[in-house]
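Reading through the C-alpha cells given below for one structure.
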Amino acid sequence: MGIHSSKDKVCSLSKAVSRIEDGSIIAVGGNLSAREPMAIIREMIRQGKCNMHSIGGAHGVDIDLLCAGGVLRRVQNSYVGFEADFGLAPNYRRMVQQKKVIPKDTDCVAVLMQLRASVYGLPFMPMKLVTGTNILDLHPEYIVMTCPYTGEKLSLLPAVKPDWAIIHAHKSDPKGNIKLHPPYFADLLAIEASQNSIVSVEEIVSEEEMDKIGATVPYYEVTAVVELPFGAHPTSCYPDYTYDRKHLAEYVKLANRGEDVFRKEYLEKYVFGVKSHDEYLELVGGHDALEELTKWNQGTEKWCELLGRNL
Amino acid sequence: MGIHSSKDKVCSLSKAVSRIEDGSIIAVGGNLSAREPMAIIREMIRQGKCNMHSIGGAHGVDIDLLCAGGVLRRVQNSYVGFEADFGLAPNYRRMVQQKKVIPKDTDCVAVLMQLRASVYGLPFMPMKLVTGTNILDLHPEYIVMTCPYTGEKLSLLPAVKPDWAIIHAHKSDPKGNIKLHPPYFADLLAIEASQNSIVSVEEIVSEEEMDKIGATVPYYEVTAVVELPFGAHPTSCYPDYTYDRKHLAEYVKLANRGEDVFRKEYLEKYVFGVKSHDEYLELVGGHDALEELTKWNQGTEKWCELLGRNL
Amino acid sequence: MSIKGTDYYTIDELMAVCMARTIKNGDTIFNGVAVPLPFTAIMLAFKTHAPESIFWSGLLAGLNPDPPFLPPTSGDSVMLHRANPILHLHQIFDLAMRGELDRIFFSGAQIDKYGNLNNTLIGTLDNIKIKLPGGAGSSHIGCFAKNYTIWSIRHDAKVSSKGQRVFTFVESVDFVTTVGRRTSTRNRDELGLMGGGPDCVVTNLCTFDFDPLTDVMRLKTLHPGVTVEEVLENTGFEPVLSDTIVETPPPTKEEIALIREIDPMNTRKVGFSRSALEKRYDF
Amino acid sequence: MSIKGTDYYTIDELMAVCMARTIKNGDTIFNGVAVPLPFTAIMLAFKTHAPESIFWSGLLAGLNPDPPFLPPTSGDSVMLHRANPILHLHQIFDLAMRGELDRIFFSGAQIDKYGNLNNTLIGTLDNIKIKLPGGAGSSHIGCFAKNYTIWSIRHDAKVSSKGQRVFTFVESVDFVTTVGRRTSTRNRDELGLMGGGPDCVVTNLCTFDFDPLTDVMRLKTLHPGVTVEEVLENTGFEPVLSDTIVETPPPTKEEIALIREIDPMNTRKVGFSRSALEKRYDF
C-alpha cells in the first residue's frame, strides 16, 4: 500500500536505507535460508538503525543479525532459527534472554491474516478460533467474538501495517516493477500491506525487458529499488544461487561464542568493516566463491555437494 | 475447496454436467465477453437443470442464456449485460420483469469478499462500511458492526460457498491441474471457494507437458475436466481466439424479439438442436469460421476487423 | 505540428476531454464495465497532463495498458496491450478498500441532483419495469473511492410512449445503486462513508460540479451552442446555477488528434444519437 | 527384488516408517520448518501406501514435489523439484482454516502428557531461560488441522549441569505453543477448537496414542530392544499403558530402500546421537 507513482525508483543502498526511520515496523522478505534482504540488513546495522519491530513468518539469519546489530527491539515472527542444521538463533536467543529484545512470538497464519487486514483496508481480520495456547498471553490484542451469523466463536486479529517491507528480488526496471520468481513466501503480501517497500534486486533491467518477462509486483507499490547482485548472500536467491551454508556455519559458530566474539569477529568484519556491498562480496570470497553458489543447477551431484559440503 | 484427490478427472461433458444438482449455487467463470464456459452452460440447459443461484461479477451472454434456458432462479451478479455495444441482457431482463428470475443484484467487491470468506473458512468477512444504497435492501444479510479496535462501523458480509464453479480454461492434464492464462477475472477465487469445480479446457495435455508449462490451479481443487476446444464460444478465450461479435449480435437481436422467437430461433437451434459440442461448432460455422477468430494476433488491422466487423 | 483532420471536434471528443480534465497527474484511476468513453478520457489524460497516473484496464486488471484501439467490449484482451503487470482484479478492489483509489468514472440510467446513480432497475423492487444490468463494482467502490466523475451521454428528456417526458437527470432515482454526495437525510460524513463521492459531472450538454452547501449539482460550463434553458429543460431537477457559467473550455487540436489515435474504431461514439455526432465544433 | 544394503535399519529410518504409517491414502499433509524426518516420512508414504495423498513442500508451497535429495534447510528450492504448481503459501493456510488439512507433523522442545507442545521458551515469560525458535505455523494450524502426529527424537532425560534430569516429555510444558488433546481444564470441544489435535506420537523409543478417557498419552508399541521401564524412566509423566504393548511393527526392506533413495544426504539423521545412529536393527 501507499501509492508510489514516481517512475524513477533507482536508489543507492545508503540513501534507500536512510529513509527507514528508527522505530519502524518492518516486514523482512524471504524465509529461513532463502532470499532474505541481507545487504539491506547489513546497511541498516551500519547506519545504526534501532528500536524497530519486525513482523513475519519463519526466518533465520536475517532476524538474528538484525538483533545482533541492535536494530530490533521487538520480534513478532513465528520462528527465528537455523532448523535442525544449526539449531537456535544465537543472537536472537541471547538478546531475548537479556531482555534487550522483546519476543512477541506469533504464528504464520496470524501474520498472514494481520497483513491481509491491512491489504483490505480493515482494522482486523476474523479467524477460526485459536485458543488454549500461551501465544495468546503474548497477544492480548486478540479478541474473541461471537459470530452474528453462526453463533460460533472467532478470534479477531488486529491489522498490522508495516512501515517498510524490505525485500530481495530478482529483477526490477527503473520504475520499480519487480520480477520475483517463486517461491514467493509472504513477500507479495508484505509489499502490499506495507506503507513503503525497499527492494534490492540482482539486476535492474530496462522497461522493455521487464515488459517481456512480465512483472510480479506493480511499480506503484515500490518506494525504492537498489541493484545489489548477490544481495541475499549468505541466503539463497534461486534460480540464481543457492545459500552459502559454509558462511552460515561460521556465522552460527561465532554467534555461539558470545556477544563480544560475534561483534569482533563477525560484525566488525562483515558489516562495519566494509564500505560497500561490493567490498562485502570480495570479503566472502569474491567472484570465484560466489560463482560456485550458482552451480547448483549443474546437476544433483553438484547441488548435493554445495548444500552438503563438509563443514 | 473440497479436496478432490483422484488423479483421473477426465470426464464427458454430459457426465460432468449431470453431477450438478438442481438448486445449486454456481459461480460462472470468465467475465462479460471473455472466457465464459458456454459449452457447459448449453449442456446444463439441455439437461434441464433448474432453480439455480448464480454468484459472480460482471457477466453477459452466459447468465443471460442460463436465464433463457430456465436454469437460474436467482442471479446474484454485479452486472449482466452487453455494455454499450448491445445494451441490456434481453432474456435476463425479461425474466426478471416477469418475476421468473429473482434479481439479487450485488457488487463486484461484495462477491470478492463473500467468496474470500469461504476460502478462509470464515462465516463472514468484514468490509469498510457500505451504506446509503438500495443494494442493501436486496441484502438484509449484511450486518453493521462496530469495530472493537477503532470504533468505526464496518459492514459484515456472510460467506457465499458455491456448490459448483463452472470454468473454461486453456489446458489441463488428466489429473485436473489447470493452466489458465491471464486475465484471470475471479476464476481462481471461484474455484477455491467452491465445493466442486467443472473445468472445460481447450486442450488436455500430458502431465509431463503440464509440468513444463506450470499449472495455475492445483488438481485437488478440480472435480472434473472436459476437453472442449472453442468451449467458450461465442465468448473469447485469449490468446487462443477472440469473441464472436457477429454471433452475439445475432443472439441479442433474437432475444430482443421475445421469448418465443428466442426459443425457436436460438435455443432450439444452438442448444437443443445439437447433440454434441462438435455439432454446435459445425453449426456456428465450423472450422473456417472458428479459425478466423484465432487470427486476432495477425496484427492490429486484423484484430480491429474481427472486433469491428460491420453487423 | 501538423495535425491532419483536426479542424473540428465532436461531442464525444469534447466529453472525453472534459472527463480527462477531472484527472490529476499521479491519480490512481479505475474504470470497469462499458467503458469506451471513460477509457478514451483516461488514455488521453495519461498521454497529456497526467503521465504519472496509474490506471488498470478494467476488469482485466492490466496496469497502464496502451492498446492500439479500444474494443466494443471491455472484456477484450486488447486492453492488456503493453500492460505490465497483469494483476488480479482483487488487487484493485483492495486498493479501493484501503482508500487509495483517487478517481473512477460512473454513469447511470438515472442520476439525481445529489449524484446518486441508478443502474439497477426502473420501477420498484416489487414492480420492476426495466431491469437494468446492475452497477458492477460501483455500489461499493462508490463508497470507498476518494472521488468519482459522473458522466452521461443521455442528458435529455425523451418523450415516452405515454407522452411523458423521461429524464436521465431526475429529482430522485428509483433505486440507489451508487450513493452520491448525500441521501435525502444524510451526507457522506453522517453516513460514515470513507470516500468523498462525486465531485464533477460531464454530460453531452454541460458540466456540473456540486454546490458545497446543498450538495446539489451546480451548472458550471455549457458546451458550445448550449443554453442554460436547454440544460434546464433536459434536467428533471433544479440545478444550482453557478455565478459564472462559462462556455466549456475547448479541447486543443492535439487532444483531439490523440483521441482519434487512441480510439480509431470510434467505439467512444457508441450510444450517441446520429444528430449529436454529426454536429461539428470548430476550434 | 534385490535391495542393496538393506539388511538393517536404523532408528531414524524406523521413526520415518512409523510416522509414514500415520498417513492415510488421500490425506492432505503439510509440514513446514525443520523438516528432514517428517519429509522423509511423507515422501515414503507417498511412494508406498498413500499415492493419492496431497502434500506441499513446506513453506515453499510446491505441490507434491519429488526432490532428488532432502536439503539441510527446508527453505531450499530443491524441495520444489517436480512440484507443480507452486502455490502461494497462504493457499495452504487457508485450506487449514477451512478444516481441510488432514495431517501435519509437529515436534516440541517440551511435550506434555496431553500432547501440548512448547517451542517458544524454557522458563517463564518474565524469566526466559532459553528462548526457543518459535512454533512457526503450529500454534494456529494445531487448532485447525484434523489431526497431527507428534514426533520427537529426544525421548530422553538428560542430566543438566545442576544434576537435574531434564525431560522432553514433561508433566506440563513451560509454555503452550501448540495445544494438544486438552489443557488442564478443558478438552478441545470445550475449548471450541475445530481440529482434533494430536492422535499419535512417534519417538526414538516407542509410539503412543492417547487414552480416549483421560486424553493422556498411552504407550502402544516399543521399538526393538526398548523396555517399558526405559520409556517410563525417560518420560516425565506417567503414561497410560496399553493392555497390549507390542514391539513396533518393523519396516519392510522396500521401505528402508526407499528412505535411503529419498534422502541420500542423510539429513533425516541430523540431531540424533551418534550412539543411537550406530545401532543397527535387523529385519
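We name chains A, B, ... by the order of the sequence lines, and we start the count at 1 in each one. These numbers come from the heavy atoms of this one structure, side chains and all, not from hydrogens, waters or symmetry mates.
Heavy atoms of D:L191 lying under 4.5 Å from chain A belong to its backbone as well as its side chain. Neither the backbone nor the side chain of A:A89 comes within less than 4.5 Å of any heavy atom of chain D. Looking at D:M97, both its backbone and its side chain come within 4.5 Å of chain A, counting heavy atoms on both sides. With a 4.5 angstrom heavy-atom cutoff, A:K128 touches chain D via backbone and side-chain atoms both. Heavy-atom distances place both the backbone and the side chain of D:H90 under 4.5 Å from chain A. Contact of D:F175 with chain A is made through backbone and side chain together, with heavy-atom distances under 4.5 Å. Neither the backbone nor the side chain of A:R35 has a heavy atom closer than 4.5 Å to any heavy atom of chain D. At a 4.5 Å heavy-atom cutoff, D:I92 makes no contact with chain A through either its backbone or its side chain. Only the side chain of D:T183 comes within contact range of chain A, judged by heavy atoms closer than 4.5 Å. For chain A, no part of D:T185 is nearby; none of its heavy atoms comes within less than 4.5 Å. For chain A, the nearby parts of D:A136 are the backbone and the side chain; heavy atoms of each come within less than 4.5 Å. Contacts of D:I86 with chain A are made by side-chain atoms alone, with heavy-atom separations under 4.5 Å and no backbone atom involved. With a threshold of 4.5 angstrom between heavy atoms, D:V78 approaches chain A through its backbone and through its side chain.
Looking at D:R103 and D:T149, their side chains do bring a donor and an acceptor atom within 3.5 Å of each other.
When all heavy atoms of A:E202 and A:H168 are compared, the pair lying nearest together is OE2-NE2, 2.7 Å. Between A:V28 and A:H59, the shortest heavy-atom distance links the atoms O-CE1, 3.1 Å. In this structure, D:I111 and D:F237 approach most closely via the heavy-atom pair O-CE2, 4.2 Å.
Each of A:G81, A:S33, A:A58 has some count of heavy-atom pairs under 4.5 Å with chain D, and the biggest count is that of A:S33. Among A:R94, A:R93, A:E152, A:K99, the residue with the largest count of heavy-atom pairs under 4.5 Å with chain D is A:R93. Counting heavy-atom pairs under 4.5 Å between each of A:L248, A:L138, A:T235 and chain D puts A:L138 at the top. Per-residue heavy-atom pair counts under 4.5 Å with chain D were compared for A:V111, A:T133, A:D107, and the maximum is reached by A:D107.
Both the sub-6.0 Å distance and the 45° axial angle are not jointly satisfied by D:R181 relative to the ring of D:Y114.
Environment of NZ in A:K295: crowded, with over 12 heavy atoms of neighbouring residues, nucleotides or ligands closer than 6.0 Å.
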Exercise. Is there a side-chain contact (heavy atoms from CB on, under 4.5 Å) between D:F105 and D:I150 once you walk through the steps?
Worked result: CA-CA 6 Å; D:F105 292 81; D:I150 296 177; over 6 Å; no
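Using modelled atom types, no side-chain atom of A:H170 and backbone atom of A:I178 make a donor-acceptor pair closer than 3.5 Å.
Each of A:F86, A:Y243, A:F262 was scored for a ring pair (Phe, Tyr, Trp, His ring centres under 6.0 Å) with A:Y251, with one residue passing: A:F262.
To the nearest 0.5 Å, the span separating CG on A:D187 from CD1 on A:I166 amounts to 11.5 Å.
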